[in-house]
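In what follows, chains are A, B, ... by sequence order, proteins preceding strands, each numbered from 1. The figures here come from the full heavy-atom set of this structure, side chains too, leaving out hydrogens, waters and symmetry mates. Since the model is a prediction, treat every value here as computed from it, not as a measurement.
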Number of protein chains: 4
Amino acid sequence: MDVSDNESKRPTLGVGMVGYAFMGAVHSQAWRTVAHVYDLPLSPVMSAVCGRDADAVRAAADRLGWAAAETDWRELIARDDVQLVDVCTPGNSHAEIAIAALEAGKHVLCEKPLANSVAEAEAMADAARAARRRGQLAVVGFNYRRLPALALARRMVETGRIGELRHVRVTYLQDWLTDPQAPLTWRLRREQAGSGALGDIGSHAIDIAQYLAGEPLTGVSALTETFVRERPLPEGPVTGLSGTGGDRRGEVTVDDAALITGRLASGALASFEATRFATGRKNALRVELNGERGSLVFDLERLNELYLYDGTEPASTAGFRRILATEPDHPYLEGWWPPGHGLGYEHSFVHQARDLLCAVAAGEQPEPSFDDGLRVQRVLAAVEESAANNSAYTPVPPVTPAAPVPA
Amino acid sequence: MDVSDNESKRPTLGVGMVGYAFMGAVHSQAWRTVAHVYDLPLSPVMSAVCGRDADAVRAAADRLGWAAAETDWRELIARDDVQLVDVCTPGNSHAEIAIAALEAGKHVLCEKPLANSVAEAEAMADAARAARRRGQLAVVGFNYRRLPALALARRMVETGRIGELRHVRVTYLQDWLTDPQAPLTWRLRREQAGSGALGDIGSHAIDIAQYLAGEPLTGVSALTETFVRERPLPEGPVTGLSGTGGDRRGEVTVDDAALITGRLASGALASFEATRFATGRKNALRVELNGERGSLVFDLERLNELYLYDGTEPASTAGFRRILATEPDHPYLEGWWPPGHGLGYEHSFVHQARDLLCAVAAGEQPEPSFDDGLRVQRVLAAVEESAANNSAYTPVPPVTPAAPVPA
Amino acid sequence: MDVSDNESKRPTLGVGMVGYAFMGAVHSQAWRTVAHVYDLPLSPVMSAVCGRDADAVRAAADRLGWAAAETDWRELIARDDVQLVDVCTPGNSHAEIAIAALEAGKHVLCEKPLANSVAEAEAMADAARAARRRGQLAVVGFNYRRLPALALARRMVETGRIGELRHVRVTYLQDWLTDPQAPLTWRLRREQAGSGALGDIGSHAIDIAQYLAGEPLTGVSALTETFVRERPLPEGPVTGLSGTGGDRRGEVTVDDAALITGRLASGALASFEATRFATGRKNALRVELNGERGSLVFDLERLNELYLYDGTEPASTAGFRRILATEPDHPYLEGWWPPGHGLGYEHSFVHQARDLLCAVAAGEQPEPSFDDGLRVQRVLAAVEESAANNSAYTPVPPVTPAAPVPA
Amino acid sequence: MDVSDNESKRPTLGVGMVGYAFMGAVHSQAWRTVAHVYDLPLSPVMSAVCGRDADAVRAAADRLGWAAAETDWRELIARDDVQLVDVCTPGNSHAEIAIAALEAGKHVLCEKPLANSVAEAEAMADAARAARRRGQLAVVGFNYRRLPALALARRMVETGRIGELRHVRVTYLQDWLTDPQAPLTWRLRREQAGSGALGDIGSHAIDIAQYLAGEPLTGVSALTETFVRERPLPEGPVTGLSGTGGDRRGEVTVDDAALITGRLASGALASFEATRFATGRKNALRVELNGERGSLVFDLERLNELYLYDGTEPASTAGFRRILATEPDHPYLEGWWPPGHGLGYEHSFVHQARDLLCAVAAGEQPEPSFDDGLRVQRVLAAVEESAANNSAYTPVPPVTPAAPVPA
């Protein structure tokens with residue numbers, strides 16, 4: 001009894017992905033999985049993946065489940081079977097690819113940070129607004145918003161569970177550069193990576209703070225530091241975060257760590273830290289929000305848990321409670337397993353794919369938009385400006401909301 | 001540039017699955033995913049899924065990614081495009097289906113517990129031994145062995161890191177029956193489920209203890225209890241663990257909870273608890289091993305973590321350390337993400353699929369075999385015997401190892 | 001301006017203590033402190049301490065703050081300035097001293113376990129009942145009842161916060177005997193210690209379970225084990241838990257570990273473990289109670305914390321909450337510091353002293369009485385009987401409540 | 001057998017205490033306890049306590065165990081039976097009392113922060129240096145240095161266990177001002193308290209950072225905030241942190257929260273937060289140090305625990321380990337209980353008393369000296385300067401070490 005008839009009845013959305021390293025692998029897992037977990041209005045079709053090396057991209061297509069491989073992203077964009085372009089390249093090519101894709105009438109999902117500069121990000125946001133008027137969507141890949149625990153936290157803030165915000169405290173700690181012999185990969189070069197810990201993980205910290213608070217940062221003061229200023233140049237293949245250094249050495253041109261303080265629009269205080277030198281911290285995105293009536297705490301190393309302190313309880317029985325974000329009515333959980341059966345890192349990308357497919361079907365722009373990406377980019381720029389200016393408090397210009405789309 | 005040529009070069013293994021509820025959904029996710037994450041000698045092909053209701057199984061096939069649907073498991077087994085039968089039905093049909101599949105020359109993956117009685121489990125183990133001589137494999141689905149943290153724990157025990165074992169302590173706590181109005185589903189009926197918390201989750205507890213210790217239980221003493229002896233009969237559809245009760249009531253014929261003490265072959269003490277009445281515990285499989293030189297601790301609600309106490313450290317700096325089981329050289333991690341990017345519950349099934357595909361390609365029987373399943377079944381039977389006999393200490397008969405397969 | 005006049009106005013209670021090792025030191029700290037922390041109806045006066053070695057007891061009196069030293073406990077009891085006898089000796093002398101003190105008209109505080117046998121404990125309970133009719137009080141030193149977190153837990157159970165009990169789970173894990181070369185001190189000799197881990201720490205586990213549940217155990221099944229059956233005899237001084245072994249060896253005549261399952265009067269299930277072989281666990285008295293409407297969790301290694309799961313919360317925001325038991329309206333906290341300023345182990349003894357002084361002033365028998373001590377002793381005896389009888393389920397005879405004291 | 005002879009043989013040190021509120025109560029507990037726990041070269045005698053209200057101070061003397069009461073601190077200083085003056089008053093009187101006591105030839109223990117201004121702190125440090133030449137000691141009461149876990153952390157940093165420092169991260173979070181109706185006590189008035197969260201708890205955070213790192217902060221950038229700028233004036237008695245507000249309102253003239261970033265002399269980055277608006281955080285002084293070879297973590301709400309990550313372990317078995325700081329060879333533990341029997345907040349004051357008595361006997365100046373207090377004061381001043389100057393990075397002037405004392 002063949003069931004292929006069933007499948008063909010659902011409308012589809014052709015996806016083309018540029019880049020197939022770490023991010024490309026995670027996105028592929030999401031595109032392969034999403035339609036089997038959720039009941040979707042639109043099924044993704046993994047039409048083609050693109051990379052510069054023909055053999056490598058062909059192998060990647062095979063391994064990751066893409067029907068075809070391309071070596072020129074312009075050709076990928078031009079394909080008839082591609083309606084959505086998924087940009088998983090380093091930051092210095094985001095603007096060019098994403099804008100071209102939007103201009104070609106495609107929806108775009110672009111990895112974070114949106115760009116390597118405010119100018120690029122503004123051009124992208126402009127392109128997205130123009131495309132929006134043509135019915136296209138553009139989304140930036142701040143995937144942590146789609147972790148059930150953090151989406152639940154947002155829901156609680158939004159419904160007033162913790163009251164007026166006083167403090168937002170986000171640290172994103174990693175440790176993969178503590179060894180001074182770790183090689184000088186592209187992530188340590190300003191021209192490719194834009195910045196160091198700041199853009200790579202600090203951007204996540206800032207986005208999640210603005211998302212959870214529901215309001216933007218209005219100003220920041222910052223210190224940045226490069227602890228190891230010279231490293232061995234890499235020899236041989238560099239994959240993911242690893243690789244081997246040779247005898248020659250080069251200059252590290254990005255930050256190793258950034259400390260940021262600031263204010264949100266409501267007057268709440270915010271503090272951030274992003275570092276790759278926190279020995280023992282593997283992926284510690286930690287978030288705490290203190291409101292007048294409660295607090296919320298999250299740690300990415302325990303991503304299925306959200307801690308809530310309900311300040312309206314009598315003091316004698318109040319306490320931080322561990323909510324396992326695996327209940328049926330928690331965000332995104334309807335497609336997964338019974339309570340207590342935890343999800344992983346990659347599930348946030350499945351959820352991102354789900355929201356995007358639903359949004360395309362509904363014709364509604366989801367968050368985080370390119371404007372949200374620009375909002376983060378402006379904070380990153382203000383951070384670097386403050387750090388270069390003796391930590392002086394530096395305003396973050398607001399992002400003017402896009403004009404509403406006429407019905 | 002089409003890459004389908006590549007894909008066709010790899011040898012394949014056709015899989016047919018019986019049952020498509022919770023376990024069927026998780027197994028499907030594993031079969032869909034495994035070849036995209038690991039470099040395998042054999043690619044699975046999701047040939048067909050089987051269920052009694054034609055419309056429902058067709059919808060399931062579509063949703064879960066199976067090429068065809070069958071309504072008679074005998075026909076599924078008979079299919080030429082099925083070389084491995086994956087049994088995801090309730091325990092009372094395991095023996096019949098698995099034995100038929102083995103006799104038909106198919107490899108078998110059978111969900112746990114292996115069967116509803118020792119007699120059935122023995123027949124299955126016999127069939128598996130006979131099939132082994134014909135080159136077939138039979139595996140029981142104790143998936144938690146494939147969680148990286150627990151596989152790492154096993155590695156540590158095996159290499160002597162914690163020394164001679166003194167204590168094994170395993171509790172598996174859930175809470176989905178605390179409400180006395182929860183309906184009387186098949187899981188609360190002896191004729192279908194075999195037993196209650198004991199077989200459903202206690203079997204996991206016992207298997208993981210024997211696996212980690214590397215030795216069997218030799219005797220047990222037990223108490224079991226049914227706290228709520230009558231429940232409303234379900235009305236309308238019952239899905240997963242939920243459903244609604246009506247006005248009529250029926251008798252609960254299985255245990256709600258089981259407490260077990262026992263001894264391992266080495267003389268170490270073991271204690272177990274399985275319950276569905278531990279309010280607030282959603283899926284708390286907790287394991288602690290104390291050895292002469294160290295201890296290990298695990299909690300399924302934080303499945304990416306393994307705690308190690310190294311007793312050979314000076315007392316002043318010794319302590320339980322939290323190992324994030326996400327390092328590249330941890331078991332199963334080579335296919336996944338960088339350190340600190342946690343996995344979820346379902347990954348254990350992907351790992352199970354990987355090990356099974358590698359084993360088929362190599363022609364080697366992997367653990368847990370049907371003998372391992374029988375080993376657990378004998379413990380479950382001894383538990384029930386002890387509980388019925390005033391908690392008297394009851395020996396667990398050993399499982400005679402299968403005769404070695406001639407080369 | 002001298003203030004000694006003030007002090008003399010308060011009535012006093014003369015205390016005489018027998019034994020000055022670990023327990024004696026903690027009790028002394030409590031007697032020295034209690035009147036400075038709480039506003040008491042009665043001030044303790046540390047009249048005299050008693051020990052067999054004249055020089056040693058004199059030094060102890062000086063160090064611990066006792067006004068006088070005695071070498072014969074009968075003389076201590078006879079002193080006019082002693083109204084309360086505090087028994088801090090090993091278990092084999094409890095009965096003789098406590099009964100003599102009661103017969104001499106003194107109040108008695110006796111360390112746990114009450115005695116080394118049921119017969120002794122019964123004699124003590126009888127003596128206490130007789131003394132009660134004369135207005136005297138007798139208390140057994142289950143000090144953990146006086147930890148704020150556990151007293152708070154009791155309050156919650158009593159007021160129905162967690163509903164009808166289903167499970168009580170208590171483990172008391174230590175590791176000071178894992179080294180097989182640890183010497184054969186008196187604690188490993190049945191004639192002095194009565195039993196091993198069972199009486200020493202298992203008695204705490206059983207008392208706290210009965211206290212928190214508010215009901216007795218009605219039956220038990222048990223396994224006990226002595227992992228290391230021969231140890232070096234101690235050479236030189238043995239202090240506290242430490243010491244050095246010589247060349248000669250002797251037999252260990254007590255248990256190293258005990259596993260216990262049982263039932264409470266209400267039908268709730270109970271499980272216990274007491275061991276000195278849990279490598280890495282220093283003083284891990286862990287308690288979990290699961291009720292129909294909630295759960296409570298405690299760990300002595302984090303004694304200022306109580307975890308509550310409120311099962312009446314909506315599932316989506318329910319979770320185990322950490323209550324810091326340092327709020328002003330928590331038990332015993334009115335004398336101490338502001339919220340968040342944690343207490344230590346010894347504070348439970350200060351609270352014990354407070355409750356005892358208040359009870360003497362009020363003429364009311366506080367818990368835990370010698371009947372409560374007898375209740376524990378009967379469980380210990382049933383455990384040993386079950387362990388010797390193939391783990392057969394063994395009833396625990398009830399303790400007939402003392403006849404009410406006529407007004 | 002009276003033992004008072006023994007006691008009289010030890011030399012004594014007469015102590016006079018000024019102030020008897022929260023700090024006075026804790027100090028009293030320390031002075032009462034220290035000689036009974038440690039074998040000391042010098043026994044403290046609690047000669048007299050001083051306060052302005054005669055009845056109240058007399059009651060306090062009685063309750064807290066002081067032999068006499070004074071109403072004028074100058075008379076207390078002048079007493080022959082006072083060799084050490086313990087200053088437990090609010091910050092605005094520290095300088096006057098401490099300097100007078102030093103000039104009168106007394107040793108001084110002064111509560112933190114040392115003073116309300118740098119000028120006062122400098123005068124005090126000058127007085128202490130002069131007194132040092134006469135053989136007197138002056139210590140500032142940063143008691144957290146004496147928690148075993150933090151003293152152990154210092155030992156590990158000092159011996160290179162975590163290598164070159166990269167990050168120091170300290171937050172001190174409390175929540176007792178979240179209610180906007182909490183009354184305007186003296187702690188919210190600049191003229192008495194000097195500053196708000198900054199001086200009260202931020203001073204602890206800064207001292208502990210400089211202590212653990214073993215090096216001073218060289219510059220800071222800061223944001224401060226007063227969330228609730230007007231509060232009801234208190235009516236009736238205000239005790240500790242509580243009290244009731246009336247109808248009239250007044251202006252809050254201190255900070256509610258302070259965010260600080262900075263650099264240590266070695267180039268390590270530091271971040272601090274002090275707030276009274278972190279709902280649910282009762283006394284959360286949290287410390288994390290990341291070094292090139294390891295990390296350390298501490299939380300005052302679990303004060304018996306120190307977490308160590310040893311970065312020299314293989315990655316596959318490395319993890320943050322929980323060291324229970326209750327081992328016999330941990331700092332200060334020789335006087336207390338067996339492993340796993342936790343200490344409380346107040347024990348740090350007993351340890352402070354011990355170190356001070358030993359130092360007086362040895363004639364050696366212990367840390368933290370008034371210079372250390374001044375070091376903190378200069379950071380506090382730089383913080384306020386930066387906050388007032390648009391968060392501009394502001395250098396912290398070094399404290400010139402005192403000239404060595406001639407032998």
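Note: Arg63(B) leads Glu75(B), Glu327(B), Arg63(B) in heavy-atom pairs under 4.5 Å with chain A. Between chain B and the options Leu300(A), Val26(A), Leu303(A), Asp175(A), the largest number of non-hydrogen pairs under 4.5 Å is found for Val26(A).
Crowding of Asp39(A) atom CG: a count of heavy atoms from other residues, nucleotides or ligands under 6.0 Å not exceeding 12. In the displayed structure, Asp53(A) atom CG is contacted under 6.0 Å by more than 12 heavy atoms of other residues, nucleotides or ligands. Residue Asp80(B) qualifies as open at atom CG: its count of foreign heavy atoms under 6.0 Å is 12 or below.
Between atom CG of residue Asn283(B) and atom CG of residue Asn304(A) there is a gap of 11.0 Å, rounded to the nearest 0.5 Å. Atom CZ in Arg32(B) sits 6.0 Å away from atom OG1 in Thr33(A) (nearest 0.5 Å). One finds the CD atom of Gln29(B) at 5.0 Å from the CH2 atom of Trp336(A) (value rounded to the nearest 0.5 Å).
Checked against the 6.0 Å centroid threshold, His341(A) and Phe22(B) count as a close aromatic pair.
Heavy atoms closer than 4.5 Å to chain A are found in the side chain of Arg322(B), but not in its backbone. Proximity to chain A involves both the backbone and the side chain of Ala25(B), based on heavy atoms less than 4.5 angstrom apart.
Salt bridge present: Asp62(A) and Arg10(B) bring a charged side-chain N and a carboxylate O closer than 4.0 Å.
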Please evaluate residues Leu324(B) and Lys282(A) with respect to the criterion side-chain contact (heavy atoms from CB on, under 4.5 Å), reporting the C-alpha separation (whole Å), side-chain torsions for both, the decisive distance (0.1 Å), and the verdict.
CA-CA 8 Å; Leu324(B) 267 182; Lys282(A) 299 304 167 187; 4.1 Å; yes
Please walk me through it: do Glu301(A) and Arg302(B) pass side-chain contact (heavy atoms from CB on, under 4.5 Å)?
CA-CA 10 Å; Glu301(A) 290 184 357; Arg302(B) 287 177 172 166; over 6 Å; no
